[in-house]
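Reminder, nothing fancy here: chain letters follow the sequence lines and each chain counts from 1. No hydrogens, no waters, no symmetry mates; every other heavy atom, side chains included, goes into these values.
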2 protein chains.
Amino acid sequence: MVDILDYKILEILQENNLIPQRDIGDAIGLSAPAVQRRIKKMRESGIIEKDVSIINRDMLGNTITIIVEVFLDSEKLEHILTIKNEFSVVAEIQQCYYVTGESDFFLVMVVSSMKEYEELSKKLFIDNSNIKRFRTIVSMGIDKTSLKIPLSNKLG
Amino acid sequence: MVDILDYKILEILQENNLIPQRDIGDAIGLSAPAVQRRIKKMRESGIIEKDVSIINRDMLGNTITIIVEVFLDSEKLEHILTIKNEFSVVAEIQQCYYVTGESDFFLVMVVSSMKEYEELSKKLFIDNSNIKRFRTIVSMGIDKTSLKIPLSNKLG
DNA sequence: AATGAAATGAGAGCGCG
DNA sequence: CGCGCTCTCATTTCATT
């Protein structure tokens with residue numbers, strides 16, 4: 001399905017997707033059209049999900065990152081789906097992880113002020129009868145944020 | 001610095017950065033060269049950090065997401081810097097949040113097997129004298145993963 | 001089936017008014 | 001800021017292995 005050359009292409013693209021295909025070809029020993037075809041296939045198959053610009057949130061005032069550990073009142077499936085749907089439409093919720101163990105969800109949220117978070121948490125958590133309690137963890141800084149997939153072990 | 005039109009451009013680009021500038025212009029009522037000039041400025045100023053492909057990790061076998069809560073032995077600054085540097089080179093650590101409160105770090109890791117995580121956690125946490133203890137939270141599924149910055153409240 | 005070379009076409013990057 | 005040009009690059013065609 002995907003061979004080593006594809007992995008090498010992905011490794012490059014998840015760092016920079018505006019690089020000319022000719023340069024990719026030079027880097028991995030392939031012609032530009034060959035690279036083009038491989039990329040096209042991977043887009044069609046969904047291996048490459050999308051192509052986006054990464055924006056510096058600090059420069060736009062969205063400087064506060066908050067991790068929220070959410071404890072549900074019961075783990076009935078309907079509640080989980082309901083809550084997922086509620087979370088899915090909230091732009092400030094960047095990431096939503098469904099976990100098992102003590103808690104049920106981990107969220108990563110981005111807000112521009114604590115006031116904004118207080119209002120959001122009231123609406124999302126306090127006023128939500130399905131949620132038993134929640135734990136707010138304010139991040140003091142982020143050292144690493146990338147959705148890059150580790151591929152180095154696949155490059156042969 | 002950045003006006004409403006810039007926000008609209010960013011809103012589009014963080015969803016799709018391969019869309020022609022002409023289409024962006026049509027969407028926001030601007031000519032393609034005007035869009036291009038704005039994008040160029042935002043790239044130079046760093047508001048647009050980078051442009052990347054988003055890869056579907058599930059299709060590549062990196063199916064396990066693990067959240068790790070790390071408790072340091074002491075909060076001396078040197079230790080924090082040391083640990084940051086250790087984490088920064090580990091490809092499987094996708095995200096590293098420095099927090100205050102009970103714990104000191106939250107990590108989001110991506111691995112292809114629990115065996116891989118066990119080996120990594122031994123090397124990174126157990127054999128690390130600066131780390132007092134760590135809590136492993138295995139994610140059963142991700143509903144939302146995007147690094148998109150909430151801009152909707154700035155679009156007027 | 002996948003490749004590379006050459007040809008085509010779309011779009012980015014300029015100067016101009 | 002918009003218009004029009006140029007030139008790079010993406011994409012297609014085609015022959016080859």
Any ion pair linking A/Arg135 and A/Glu102 (charged N to carboxylate O, less than 4.0 Å)?
no
Just call it for A/Pro33: base, sugar-phosphate, or nothing, with non-hydrogen atoms closer than 4.0 Å on any strand.
base
Can you tell me the distance, in whole Å, between the CG atom of B/Asp23 and the P atom of C/dG11?
7 Å
Separation of D/dA10 atom P from A/Ile39 atom CD1, nearest Å, is 8 Å
Side-chain donor or acceptor of B/Arg37 under 3.5 Å from a matching atom on the base of C/dG13?
no
Find the distance A/Leu30:CG to D/dT17:C1' and express it as a whole number of Å.
15 Å
Residue among A/Asp73, A/Asp104, A/Ile83 satisfying side chain to side chain contact (heavy atoms under 4.5 Å, CB included) with A/Ile131
A/Ile83
Angle class for the B/Phe125/B/Phe87 ring planes (parallel below 30°, perpendicular above 60°, tilted otherwise)?
perpendicular
Which nucleotide in the list C/dG4, C/dA2, D/dG2 gets nearest to the side chain of A/Lys41?
C/dA2
Given D/dC1, is OP1 or OP2 found less than 4.0 Å from the side-chain N or O atoms of B/Arg38?
yes
Salt-bridge criterion met for A/Lys123 and A/Glu92 (N-O under 4.0 Å)
no
Nearest whole Å is fine: how far is C/dA12 C1' from A/Ile19 CD1?
17 Å
A/Asp26 CG to C/dG4 P: how many Å, rounded?
11 Å
Contacts of A/Lys40 and B/Gly29 projected onto DNA chain D by closest heavy atom; the upstream (5') one is B/Gly29
Strictly below 4.0 Å: does B/Gln36 bring a side-chain N or O up to OP1 or OP2 of C/dG13?
yes
Could you state the CZ-P distance from B/Arg22 to D/dG4, rounded to the nearest angstrom?
15 Å
Of the listed C/dG13, C/dT3, D/dC1, the closest approach to the B/Gln21 side chain comes from C/dG13
Rounded to whole Å, the CD1-P distance (B/Ile24 to C/dG13) equals 11 Å
